[in-house]
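Notes to accompany the following structure.
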Amino acid sequence: MKRRVAVLISGRGSNMEALIAAAREPAFPAEIALVLSNRPDAAGLTTARQAGIRTEAIDHLAFGRDRAAHEAAIDAVLRAADIEIVCLAGYMRLLTPFLVGAWQGRMLNIHPSLLPSFPGLDTHARALAAGVKLHGCTVHLVTEEMDGGPILGQAAVPILPGDTEDGLAKRVLRQEHALYPAALAAFAAGRAAAVPDATAFLANPVPLTPH
Ligand code: GRF
């Protein structure tokens, strides 16, 4: 039986698209049963609908400052849809302990850095400013600490001489699209802990360009 997954987005939804594409494979251990956005105008909702996936928009603006009520509405939709695993994919609202607690151990997130380096926003600019030579992305379980939960998988992306924020973001995003489906597959099949290192998740291992 495929595990029922909801993907939570706020915008473009390219990671969501990668998850939908991967989940079409008969052997993939999860199905994308629902795509939910806190922004009704998220481009990813249209993409998901065109792919034949059920979508829901639960606009946080309609709840004013009441984060708890917004999250309760999300939680109710997830439960009514028999969701087992939640994947955050560019979901740009901070979660309260309520939703994190309700889905703890069953909620994944993708973050565009090699955690624990560069939690939070503007990760590519910060990696460039710090002068690190290796950057990348991480899929982790969501806990109350922002971008701080147990790491399920990582993909490394070398920083090249003359790299710009945009160029680096594009190369990291390509790896995100390989990493997230692989991490979800391992997690849904119950073998996440058995994956020894990030390279096991890479469709195309990163070429380490000499410089
Ligand atoms: C990705 O870089 C993801 O790592 C971050 O937000 C971005 C979302 O992009 N959390 P998309 O909506 O999946 O295209």
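For ligands, and for the atoms within them, numbers begin at 1 and follow the listed sequence. For this chain, numbers begin at 1 and follow the sequence in order.
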Inter-residue atom distance His135.NE2 - Leu128.CG, 0.5 Å rounding: 7.5 Å
Between CZ on residue Arg126 and CD on residue Glu165, distance to nearest 0.5 Å: 11.0 Å
Ligand 1: protein N/O within less than 3.5 Å of ligand N/O:
from	atom 1	to	atom 2	distance (Å)
ligand 1	2 (O)	Glu176	OE1	3.2
ligand 1	2 (O)	Glu176	OE2	3.1
ligand 1	4 (O)	Glu176	OE1	2.7
ligand 1	4 (O)	Glu176	OE2	3.4
ligand 1	9 (O)	Arg12	NH2	3.0
ligand 1	10 (N)	Ile110	O	3.2
ligand 1	12 (O)	Gly13	N	2.8
ligand 1	13 (O)	Ser14	N	3.3
ligand 1	13 (O)	Asn15	N	2.9
ligand 1	13 (O)	Asn15	ND2	3.0
ligand 1	14 (O)	Arg12	NE	2.5
ligand 1	14 (O)	Arg12	NH2	3.1
ligand 1	14 (O)	Ser14	N	2.8
ligand 1	14 (O)	Ser14	OG	2.5

Side chains of [X] and [Y]: is there a donor and an acceptor less than 3.5 Å apart?
{"X": "Arg67", "Y": "Thr96", "answer": "no"}
{"X": "Thr123", "Y": "His111", "answer": "no"}
{"X": "Thr138", "Y": "His140", "answer": "no"}

Working for side chain to side chain contact (heavy atoms under 4.5 Å, CB included), residues Glu56 and Arg54: CA-CA 7 Å; Glu56 292 284 345; Arg54 178 182 158 204; 2.8 Å; yes
